[in-house]
Amino acid sequence: MQQKLKILCVEDEPNLLVDLTEELEETGYQAETAVNGIEAIKCLQAGRPDLILCDMMMPELDGPGLLQHVRRDYRDLD
C-alpha cells in the first residue's frame with residue numbers, strides 16, 4: 001500500500017480550513033492543519049510534510065514570515 005502524501009494546510013479562517021482539509025482527504029492526501037504560522041512551525045518540528053499550503057495574511061506569523069522561517073531553519077523543505 002502506497003503511503004499518502006502529507007500536506008500541511010495553514011489557514012486562519014476555520015470554514016476554509018475545514019473545506020480545504022476535506023477536499024484534500026477526499027482526493028487521497030493526508031492533511032495536517034495549523035491556524036497560523038506559529039502553529040505550523042510546531043507541526044514542522046513534529047514531522048515534515050510533502051507540501052505546505054499557506055494563507056498569506058494570518059495573525060501572529062503570516063505566510064511570508066513562515067516561508068522565511070522554513071527557508072532558514074528547514075532547508076530540507078526548500
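No hydrogens, no waters, no symmetry mates; every other heavy atom, side chains included, goes into these values. This is a predicted model, so every value here is computed, not measured.
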> What pair of heavy atoms forms the shortest contact from Gly63 to Cys54, and how long is it?
Replying inline: CA-SG, 3.7 Å
>> Which heavy atom of Asp12 sits nearest to which heavy atom of Met57, and what is that distance?
In response: OD1-O, 3.7 Å
>> Are Leu61 and Tyr74 linked, directly or through intermediate hydrophobic residues, by side-chain heavy-atom contacts shorter than 4.5 Å (ILVMFWY only)?
In response: yes
>> Keeping Asp62 on the side-chain end and Gly65 on the backbone end, is there a donor-acceptor pair under 3.5 Å?
In response: yes
> If you measure from CG on Asp19 to CG on Leu16, what distance do you get to the nearest 0.5 Å?
Replying inline: 6.5 Å
>> Do Cys9 and Leu17 have side chains that approach each other closer than 4.5 Å (heavy atoms only, starting at C-beta)?
In response: yes
> Under 4.5 Å between any side-chain heavy atoms of Ile52 and Val10, yes or no?
Replying inline: yes
> CD of Glu25 to CG of Leu20: how many Å apart, nearest 0.5 Å?
Replying inline: 10.0 Å
>> Donor-acceptor pair, distance only, cut-off 3.5 Å: does the side chain of Asp50 make one with the backbone of Lys6?
In response: yes
>> Tell me the closest heavy-atom pair linking Ala34 and Ala40, and the distance in Å.
In response: CB-N, 3.5 Å
>> Checking Asp73 now: which residues fulfil side-chain hydrogen bond (donor to acceptor under 3.5 Å, both in side chains) with it, not counting sequence neighbours?
In response: His69
> Which heavy atom in Lys4 sits nearest to a heavy atom in Gln30, and how many Å separate them?
Replying inline: CB-N, 4.0 Å
> Is it the case that one hydrophobic cluster holds both Leu53 and Leu5, taking links as side-chain heavy atoms less than 4.5 Å apart, direct or via other members?
Replying inline: yes
>> Can you tell me how far apart CD1 (Ile41) and CD (Gln45) are? Round to the nearest 0.5 Å.
In response: 7.5 Å
>> For a quick test of reading the model, state the closest non-hydrogen atom pair linking Leu66 to Gly37 and the distance between them.
In response: CD1-O, 3.9 Å
>> Is there a path of hydrophobic side-chain contacts, each under 4.5 Å between heavy atoms of I/L/V/M/F/W/Y residues, joining Leu44 to Met58?
In response: yes
>> I need the Arg48 CZ to Leu8 CG distance, nearest 0.5 Å.
In response: 11.5 Å
> Can you name the nearest heavy-atom pair linking Asn36 to Glu39, along with the distance?
Replying inline: OD1-N, 2.8 Å
